[in-house]
2 protein chains.
Amino acid sequence: MKFEAVTIKDIAKALGLSTSTVSRALRDSYEISPETKKVVLEYAEKLNYHPNPIALSLKERRSRSIGVIVCEIANSYFSQVINGIESIANTNGYNVIISQSHESAEKELVNLQYLTSRSVDGLIISVSTETKDFNYFNELHDRGMPIVFFDRIVDEIQTHKVIADNFKGAYDATTHLINSGYKRIATLCNTVFLSIGKERLAGYQAALKDHGLEPDESLIRYCQHGGMVAEEMDQAMDELFTLQNPPDAIFAAADKLTTGCLRALRAKGLSVPEDVGLIGFSNSELTELLNPSLSVIRQPAFEMGEVATSLLLELIESKRPVTDFQSRVLTTEMILRSSTRMQKTHSKPVIS
Amino acid sequence: MKFEAVTIKDIAKALGLSTSTVSRALRDSYEISPETKKVVLEYAEKLNYHPNPIALSLKERRSRSIGVIVCEIANSYFSQVINGIESIANTNGYNVIISQSHESAEKELVNLQYLTSRSVDGLIISVSTETKDFNYFNELHDRGMPIVFFDRIVDEIQTHKVIADNFKGAYDATTHLINSGYKRIATLCNTVFLSIGKERLAGYQAALKDHGLEPDESLIRYCQHGGMVAEEMDQAMDELFTLQNPPDAIFAAADKLTTGCLRALRAKGLSVPEDVGLIGFSNSELTELLNPSLSVIRQPAFEMGEVATSLLLELIESKRPVTDFQSRVLTTEMILRSSTRMQKTHSKPVIS
DNA sequence: TATTTTTACGCAATCGTTCCCGGTATCGTG
DNA sequence: CACGATACCGGGAACGATTGCGTAAAAATA
């Protein structure tokens with residue numbers, strides 16, 4: 001099956017004009033007489049003519065499309081970011097090609113090569129948790145491909161970056177747990193090879209320190225796959241709760257870790273917030289409806305998408321090489337609900 | 001900034017060959033000597049040459065990209081479908097351009113025009129709840145654009161369609177509520193202008209009839225916006241629970257309606273499943289963790305995406321016009337949890 | 001009337017690739 | 001030795017659109 005669109009040549013032939021004249025008429029050039037313009041415009045309108053974007057891309061050496069790589073769109077945070085990206089991109093005549101790494105460095109590289117071979121004009125990337133080798137990003141960037149990192153950024157590459165205030169978010173969450181009366185606060189976090197892992201861990205540690213709590217390495221559990229693999233989380237939770245001195249609260253440093261943590265706690269028969277307090281990063285709309293309703297740190301995801309895209313379009317449309325790169329940090333929001341509401345009496349209530 | 005890729009012309013010039021020879025060498029033509037091939041291939045490899053897909057698209061009059069229109073990717077069901085679409089598309093060398101209608105017919109049309117003007121080779125569409133006018137779809141389809149509808153299909157257009165067994169899903173859910181002892185079963189459903197609305201409503205009604213329950217129009221509430229607008233849902237729930245004879249169970253016919261319904265019930269202080277039983281269509285991963293854990297009808301979303309894409313690629317790559325269109329119906333899965341577990345004693349327990 | 005200026009349009013190159021024609025060697029065969 | 005076959009490679013058109021340049025006719029000027 002072929003979907004044949006009407007071309008400038010069709011119009012030219014039908015009207016007995018040259019393609020140049022038609023092209024100029026459509027672009028309202030001063031070199032074309034008003035009568036000719038009128039005829040061409042009306043005929044084009046009648047045939048529902050639209051310039052072939054592929055031909056334009058070839059001529060102008062730009063595709064007017066941007067590539068996005070995230071670990072997965074099913075994650076609320078990323079789908080919200082993508083909404084922000086689309087809103088800015090579409091109003092500027094760009095389209096968005098989304099691809100998912102599913103936290104695999106290998107798939108990320110494939111997607112990266114695929115997107116660049118499809119000649120996108122720029123990239124918006126949140127790296128996978130596995131990614132340790134930034135050579136390809138670097139090479140691409142050096143060759144002039146505009147790139148903006150967000151969320152999981154890479155320090156080694158000098159370009160625009162957009163992140164939430166991960167340190168503050170983690171610091172606030174941990175402080176809230178402390179203020180609620182919890183004493184042994186554990187954290188489930190991403191690998192420190194990931195920027196968000198590092199920053200959120202630092203916020204957690206700083207909060208403990210500032211409030212006079214002893215840091216305890218055994219209370220820090222890393223999830224290499226960021227919660228994508230259930231076994232990994234279960235193991236981390238098992239380790240935590242077979243300690244002689246198990247935690248009485250958990251700060252989960254990422255969306256999937258937060259809900260995964262709740263899942264594990266329920267599987268263990270531990271009740272929240274009585275046995276264990278729980279707070280974590282999450283952008284899910286459903287956290288309010290969970291059992292118990294979750295206290296969360298929420299990132300301004302939509303806005304992050306908007307900012308990242310604006311910065312990328314600046315990069316793309318800049319006439320001369322940009323050397324002055326920005327790192328935008330947007331503030332997180334803490335929403336307090338039942339999962340951190342410690343009871344005075346530490347009795348074990350009935351699990352509903 | 002410009003990202004300059006190496007072209008066939010660069011290779012030809014560097015090697016003192018013509019572009020035709022280089023092109024043929026790269027495509028392993030029999031007309032080229034093994035030595036020349038070797039030289040060209042090695043040089044191309046060294047320079048990391050990749051054929052310009054835009055030039056190819058222009059030449060071959062196909063973009064090797066497919067457009068997807070859904071109401072929103074933040075919806076678990078759709079993000080899972082998209083995963084299915086991507087898996088098939090990518091392995092076949094197609095890329096996927098996703099756009100969201102946000103349940104607006106106007107935005108849907110804009111996206112449609114945008115995607116076709118970007119010359120996608122085909123479209124996978126789940127129509128918005130607002131869409132009443134199918135002229136543009138029809139016109140596109142008549143002009144030879146391959147289209148596959150899924151989930152929310154349109155009867156007026158003869159093409160491949162992929163849906164879940166909505167009737168059976170709704171029938172099973174309603175039957176389960178009846179078997180659990182609920183007597184006055186209400187439904188929150190989409191507009192019947194939507195195929196899923198019609199089919200699921202029919203399943204609900206058939207189940208009532210088959211089990212000897214009187215149909216009651218006042219127990220059927222339509223949400224025009226499919227749960228996107230909170231006020232609409234709240235109003236529907238208000239109407240339901242100000243009835244002299246309010247419902248004791250609800251079947252929610254869509255993802256957002258199901259969680260929205262739970263939200264509204266909790267706001268009203270009604271406990272589930274004691275005061276009101278609840279089951280609904282949902283593909284969210286979190287329904288198990290909700291308060292209470294939700295009984296749901298789950299659609300094989302990933303598989304639906306796969307099937308839709310396979311059918312679309314068939315359409316695209318078919319040499320001659322296809323007239324034999326398929327409608328694939330995949331079975332739903334019912335997952336029973338606490339929200340439909342009616343207590344023997346109808347006492348009001350403490351809300352946790 | 002002769003010349004210059006303006007108006008309005010066409011020709012052809014270009015983007016990167018493929019492919020239909022050619023063409024020129026080299027070899028084998030009669 | 002002559003001719004055809006084969007192997008190997010280049011020229012150029014095409015895909016759809018833009019654009020610099022050339023130029024005819026018409027209008028304005030001398």
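Every heavy atom of this structure was used, including side-chain atoms; hydrogens, water molecules and symmetry mates were not. Numbered from 1 within each chain, the chains take letters A, B, ... in sequence-line order.
- S23(B) comes within contact range of at least one nucleobase, with a heavy-atom separation under 4.0 Å.
- Between G16(A) and Y49(B), the residue anchored closer to the 5' end of DNA chain C is G16(A), taking for each the nucleotide with the nearest heavy atom.
- Relative to the ring axis of F193(A), K132(A) places its NZ or CZ within 45° and under 6.0 Å from the centre.
- Using cut-offs of 30° and 60° for the angle between ring planes, the H141(B) and F325(B) rings count as tilted.
- The interatomic distance linking L47(B) (CG) with dG16(C) (C1') rounds to 16 Å, in whole Å.
- The side chain of S20(B) lies closest to dG11(D) when the candidates are dT17(C), dG11(D), dG10(C).
- Side-chain contact check for L315(A) versus L311(A): every heavy-atom pair is 4.5 Å or farther apart.
- Looking at heavy-atom distances under 4.0 Å, R24(B) makes contact with a base.
- Counting any heavy atom pair closer than 4.0 Å across all strands shown, I54(B) reaches no nucleic acid atom.
- Although no hydrogens or angles enter the test, the distance criterion places no donor-acceptor pair under 3.5 Å between the side chain of S63(B) and the main chain of S57(B).
- At a threshold of 4.0 angstrom between heavy atoms, the contacts of T36(B) are confined to the sugar-phosphate backbone, with no base atom among them.
- Here dC15(D) presents its P atom at 18 Å from CG of N52(B), a figure rounded to the nearest Å.
- In this structure, Y30(A) reaches neither bases nor backbone, as no heavy-atom distance under 4.0 Å exists between it and the strands shown.
- Judged by distance alone, with hydrogens and angles left aside, T19(A) brings no side-chain donor or acceptor close enough to the base of dG10(C) to form a pair under 3.5 Å.
- Candidate nucleotides dG10(C), dC9(D), dA17(D) were compared by shortest atom distance to the side chain of T7(A), and dA17(D) ranks first.
- Within the 4.0 angstrom heavy-atom criterion, base atoms lie near K59(B).
- Taking atom NZ of residue K13(B) and atom P of nucleotide dC9(D), one finds them 20 Å apart after rounding to whole Å.
- Residue I32(A) contributes atom CD1, which lies 13 Å from atom P of dT19(D) at whole-angstrom precision.
- Among dT18(C), dC15(D), dC15(C), the nucleotide with an atom closest to any side-chain atom of L58(B) is dC15(D).
- The side chain of S18(A) contributes an N or O atom lying less than 4.0 Å from OP1 or OP2 of dG10(C).
- The interatomic distance linking L17(A) (CG) with dA8(C) (C1') rounds to 11 Å, in whole Å.
- Rounded to an integer number of Å, the gap from NZ of K9(B) to P of dA13(C) is 13 Å.
- The nearest whole Å value for the distance from the CD atom in E31(B) to the P atom in dC21(C) is 12 Å.
- The phosphate of dC8(D) (OP1 or OP2) has no side-chain N or O of K37(B) nearer than 4.0 angstrom.
- Looking only at side-chain heavy atoms (C-beta outward), V40(B) and T36(B) come within less than 4.5 Å of each other.
- Residue D10(A) contributes atom CG, which lies 10 Å from atom P of dC15(D) at whole-angstrom precision.
- For the pair A55(B) and P34(B), both in contact range of DNA chain D, the more 5′-proximal nearest nucleotide belongs to P34(B).
- Contact annotation for S33(A): backbone-only contact, meaning every heavy-atom pair under 4.0 Å involves sugar-phosphate atoms and none involves a base.
- With contacts defined as side-chain heavy-atom distances shorter than 4.5 Å, the pair V70(B)/V81(B) does not qualify.
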